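Note sheet for the following structure.
Convention: sequence-line order gives letters A, B, ...; per-chain numbering from 1. Quick caveat, the model's predicted, so the values are computed rather than measured.
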Amino acid sequence: MPPNLPRVSASVALPKPALQQVFDNLRAAGFTLVGPTVRDGTIVLDEIARLDDLPVGWTDEQEPGRYRLKKTREAQYFNYGVGPHAWKQFLHPSCLRLFSVEKSNGSWVFRPPEEPPPRYAFVGVRACDVAAIGILDRVLLGGEFRDPHYARRRENVFALVVNCARVNPTCFCTSMKTGPRATTGFDLALTELPEIFLVAVGSDAGSEMLRDTPWEAATAFDLGRAARAMQDVERQVERQLKTDDLPRLLYDNLEHPHWDEVATRCLSCANCTLVCPTCFCTTVVDTSDLRGTKGERIRLADSCFNRDFSHVFGGNIRPNIRSRYRQWLSHKLASWIDQFGTSGCVGCGRCITWCPVGIEITEEVNALRGKAAK
Amino acid sequence: MSVASPAMEIRNPADPMLPRPAVIQAIRPEAAGIATYSLAFVDPADRDAYHFRPGQFNMLYLPGVGEVAISLSSDPAESQVLGHTVRYAGNVTRAIGRLKVGDMLGVRGPYGSHWPLEDAVGKNLIIVAGGIGLPPLRPVILSILSQRDAFGRVLLLYGARTPADLLYTREFGRWREAGIEVNISVDVADESWRGKVGVVPQLFYFVRMEHQNTLVLTCGPEIMMRFVIYEALARRIPKNAIYISMERNMKCAVGFCGHCQYGPNFICKQGPVFNYAAIEPFFGKEDF
């Protein structure tokens, strides 16, 4: 490592405008930068190039069933929570060609997609979403079979993580032990202070991207300010999800009348599964040309809230909202643990914000617990 | 590889969602709307690499139409040609019904768990099947035929809606000769029928079987399997001696699509064959 670059695990102070140089370094290294940007009244994840593309001076207000952006007086870069997008849209795309197929000399020839996916640099990943990517890794890479499409996108990702500067009432990362500060899983991790970024270097690749920036070793003053800021943020997390009686609570109450009650509110719209950073379910569609000699198999995002999701010959296994909501919640918080050794929930709160009727996963578990058969 | 890269080592295995071309070698009609397809991989290397165990399934793919999970119904000892007994029920199976000998389709597999044939050695077996539930059990029967002495009493309790819906009837003679006690019923008889009439679990009333050292293997509609379990438990056969084969919607067969979840299980990975004791908390739960 040349002396003009910080060591791995070092913390350095970086003047905020110098983040542009990091962006430029990443792009020069062949990365496609994706990060938060304002569109349609929300902060979405999309391709970015310049610091101006970030939601500078914006913040968000999130509550159950409500999301609003508003301007702030200070020109902070990362003064908002997670928006409706999650990183799964890049790692596990909602529409993906699995293979093309062509009839040649009387036989079918199956061809997987050949063009390499972009090498992504994820900018502004929050701690909860770092955890979510770790969960997707277990689901799609950690078992007997490995999803090669996910693997090809995942293995080259550069993660520029941002520790949360504020908390929304929908956040409950502290309950799920995923945030608000990222302790692992990053190449660089920023903590935004009024005039600088305090940058933790997580890897050689991360250090390399600080080349040609005016970084300086962090002072004890900067480290202290950042630590206090993170403690304040952590204290602001009010929403709680008690997890010590999961998964038992859900397995023992699969026929509880509360599922009927939540079904009177849930619209089965699938918003929660779309915004969830770990929901991975997919379906497939097949296309062909008119002569039937060429075809494609396309994988699409699917949701357990869709009626056809459980279709078998003879009908749908889960024909009503009661059974579909139960499937989603009991998978996310109970059977996920049996399947993958981790909860499927990271406490990001997206499903609460983006539920059109403001159903709160935390409150549904509490309600079930309160009424549960002892 | 940076710190942010996945903790798990990424090997570079073959794409588990990519089918391999296979050709239809024979089509044997079994009943109205049901036929057995004998498939052979086009590539000899695929044929040699392929081995399956009784109860496992393949994904059969028709380009432009779709993919469907179908159990292997042939003898596991002869894996160069793979038998699938298909009922024409949905889009894909109906399209398979329009194929001819020599036509191609895509095959990938085998997937899922298998019947506990090793554990059954030296034991009695009660094989209970309803309708299209017999094909996943046929590899068990064919395996028993080749080593009949390795097992105790073997009972087959099998039923279908009508006599015309019974599968593999031309094989029953050979099965009986080998000492498999074949008991058949139909839900609804016609004038040709001289056998028993009633639902499959009622066949338990007509047979005597020790409860000790006996395994029950069952596949059929869930409601049938529920009553098979009642009958078996009523005869003091323990829960962990009962094996059932489950069905759920399935898109990928490798645990990625999420469709076939059954509580903590994926039908495609932990199933389709389950020990009843392992899934008792979920079995029969309404709309689960």
Quick check for you: among [options], which has the greatest number of heavy-atom pairs under 4.5 Å with chain B?
options	result
A:D308, A:T283, A:V284	A:T283
A:E255, A:R322, A:K294	A:E255
A:P247, A:C304, A:C281	A:C281

(request) Give the ring-plane orientation class for B:F282 versus A:Y251, where under 30° counts as parallel, over 60° as perpendicular and anything between as tilted. (result) perpendicular
(request) Taking all non-hydrogen atoms of both residues into account, name the closest pair between A:D147 and B:F256 and its distance. (result) N-CZ, 3.2 Å
(request) Return the minimal non-hydrogen interatomic distance between B:P16 and A:P148, and the atom names on each side. (result) CD-CD, 3.8 Å
(message) What part of A:H149 gets within 4.5 angstrom of chain B, counting heavy atoms only: side chain, backbone, both, or neither?
(response) side chain
(request) Could you tell me which portion of A:N316 (side chain, backbone, both or neither) has an atom closer than 4.5 angstrom to a non-hydrogen atom of chain B? (result) neither
(request) Answer yes or no: is there a donor N or O on one side and an acceptor on the other, between the side chain of B:H259 and the main chain of A:T282, under 3.5 Å? (result) yes
Using heavy-atom distances under 4.5 Å, tell me whether [X] contacts chain A through its side chain, its backbone, both, or neither.
X	answer
B:L105	backbone
B:V254	both
B:R87	side chain

(request) Can you check whether anything in residues 97-106 of chain A gets within less than 4.5 Å of chain B, heavy-atom wise, and list it by number? (result) A:L98, A:F99, A:V101, A:G106
(message) Taking the side chain as everything from C-beta on, heavy atoms only, tell me whether B:Y61 gets closer than 4.5 Å to A:F110.
(response) yes
